[in-house]
Amino acid sequence: MPLTTWPCAPVTRGAQAATALAAFLTALHQPAPEQVDTDGQGRGGPLAGSSKWVAQQLASATELGLIPDPDAVRAIWEDAAAAPDWAGPALWLHGDLHPANVLTADGTVCGVIDFGDLFAGDPACDLAAAWTLLPDGTADLFYDAYQPAPDAATLRRARGWAVIRALVCLHVGDAGVHGRPGGKATWGPPAHAALRRLIATAHR
């Protein structure tokens, strides 16, 4: 059974992948000891603190022609940033769930790698994976399988974290397409797909 990362072998068995990823995060998202890092390089905390960065990255991606509907992306971000902050305990987070850190086999998720950024905070940071890693139509299945069931505010924040991750991957992907240092062309298509899914479900 060959193992590879997501951009090389995308998830095609969406239901199985959603269930597997939800089980992984349910197990990981446990209260962390007080001494554990809760900064996570700006991840896992209140979304509002990233608003300036998001505005800059969105403008840059738009100038590069990477985002056909920046107003729709901006609206998703603003709704997420306005959601109530996480009020629960700081939970263990992977913090870097993008396609290159997820292993797949036979069309489904079979492993997660790169725990170098492990820290604690708002689970919405990891729950963004429903939009960035899973195929169309599987986000609800993922959230139904994840326990405890996330509340409405957490779901809104997860969409904001998905915007952040997509913007990062769009720029890395564009750099790869044009041969700039640090670029990885395979990161672009999953990011485009994530934004398309977010926009398509924005008014549900």
Side-chain angles (χ1 to χ4, degrees), residues 6-7 10-11 14 17-18 21-22 24-25 28-29 40-51 53-58 60-62 66-86 91 93-102 109 112 117 121-146 149-174 186-204:
W6 198 105
V11 170
L21 191 59
F24 164 71
L25 290 178
L28 176 64
H29 288 172
Q41 300 180 39
R43 293 166 292 179
L47 275 176
S50 297
S51 289
W53 181 91
V54 167
Q56 293 171 339
Q57 295 300 303
L58 180 57
S60 173
T62 302
L66 301 176
I67 298 183
D69 193 349
D71 289 340
V73 176
R74 187 177 299 107
I76 293 167
W77 169 257
E78 290 176 350
D79 177 73
D85 291 339
W86 173 247
L91 305 183
L93 304 177
H94 180 280
D96 203 19
L97 287 176
H98 58 71
N101 283 341
V102 175
V109 172
V112 175
D117 290 332
D122 178 3
C125 178
D126 281 350
L127 295 179
W131 304 105
T132 59
L133 297 178
L134 297 176
D136 294 0
T138 54
D140 287 345
L141 182 61
F142 168 83
Y143 289 127
D144 287 344
Y146 175 83
D151 61 18
T154 299
L155 293 177
R156 289 167 63 191
R157 294 193 308 276
R159 293 171 66 86
W161 283 111
V163 167
I164 288 176
R165 189 139 298 128
L167 289 173
V168 170
C169 291
L170 280 179
H171 283 90
V172 173
D174 186 67
T186 56
W187 287 32
H192 284 288
L195 290 180
R196 175 179 51 76
R197 284 190 285 269
L198 287 164
I199 291 170
T201 59
H203 302 296
R204 285 172 46 185

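What's counted below: heavy atoms across the whole structure, side chains too, no hydrogens, waters or symmetry copies. Numbering of residues begins at 1 and proceeds along the displayed sequence.
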Parallel, tilted or perpendicular: which describes the rings of Trp131 and Tyr143, with under 30° parallel and over 60° perpendicular?
tilted
How are the rings of Trp187 and His98 set to each other: parallel, tilted or perpendicular (split at 30° and 60°)?
tilted
Could you please spell out the steps behind the side-chain contact (heavy atoms from CB on, under 4.5 Å) verdict for Leu25 and Leu97?
CA-CA 11 Å; Leu25 290 178; Leu97 287 176; 3.9 Å; yes
Test item: [X] side-chain N/O and [Y] main-chain N/O as donor-acceptor pair under 3.5 Å:
| X | Y | answer |
| --- | --- | --- |
| Asp85 | Pro46 | no |
| Asp122 | Trp86 | no |
| Arg159 | Leu198 | yes |
| Arg157 | Pro84 | yes |
| Arg156 | Asp79 | yes |
| Ser60 | Gln56 | no |

So do [Y] and [X] actually touch side chain to side chain, heavy atoms under 4.5 Å?
| X | Y | result |
| --- | --- | --- |
| Leu21 | Tyr146 | no |
| Trp53 | Val168 | yes |
| Trp161 | Thr132 | no |
| Asp136 | Arg196 | yes |
| Leu66 | Asp174 | yes |
| Val11 | Val102 | no |

Rounded to the nearest 0.5 Å, how far apart are CG of Leu170 and CG of Leu195?
5.5 Å
Between atom CZ of Arg74 and atom CG of Asp69, what is the distance when rounded to the nearest 0.5 Å?
9.5 Å
Would Ile164 and Leu47 count as a side-chain contact (heavy atoms from CB on, under 4.5 Å) here? Give the steps.
CA-CA 10 Å; Ile164 288 176; Leu47 275 176; 4.1 Å; yes
Between [X] and [Y], which heavy-atom pair has the shortest distance, and what is it?
| X | Y | value |
| --- | --- | --- |
| Pro99 | Pro190 | CG-CB, 3.7 Å |
| Val73 | Val163 | CG1-CG1, 3.9 Å |
| Ala191 | Cys169 | CB-CB, 3.7 Å |
| Gly95 | Cys125 | CA-SG, 4.2 Å |
| Leu58 | Thr62 | O-OG1, 2.7 Å |
| Ala162 | Ala128 | N-CB, 3.4 Å |

Passes side-chain contact (heavy atoms from CB on, under 4.5 Å), Ile67 versus Leu167? Steps please.
CA-CA 9 Å; Ile67 298 183; Leu167 289 173; 3.7 Å; yes
Checking Leu134 against Leu141 for the side-chain contact (heavy atoms from CB on, under 4.5 Å) test, could you report, in this order, the C-alpha distance in whole Å, the side-chain angles of both residues, the deciding distance, and whether it holds?
CA-CA 10 Å; Leu134 297 176; Leu141 182 61; over 6 Å; no
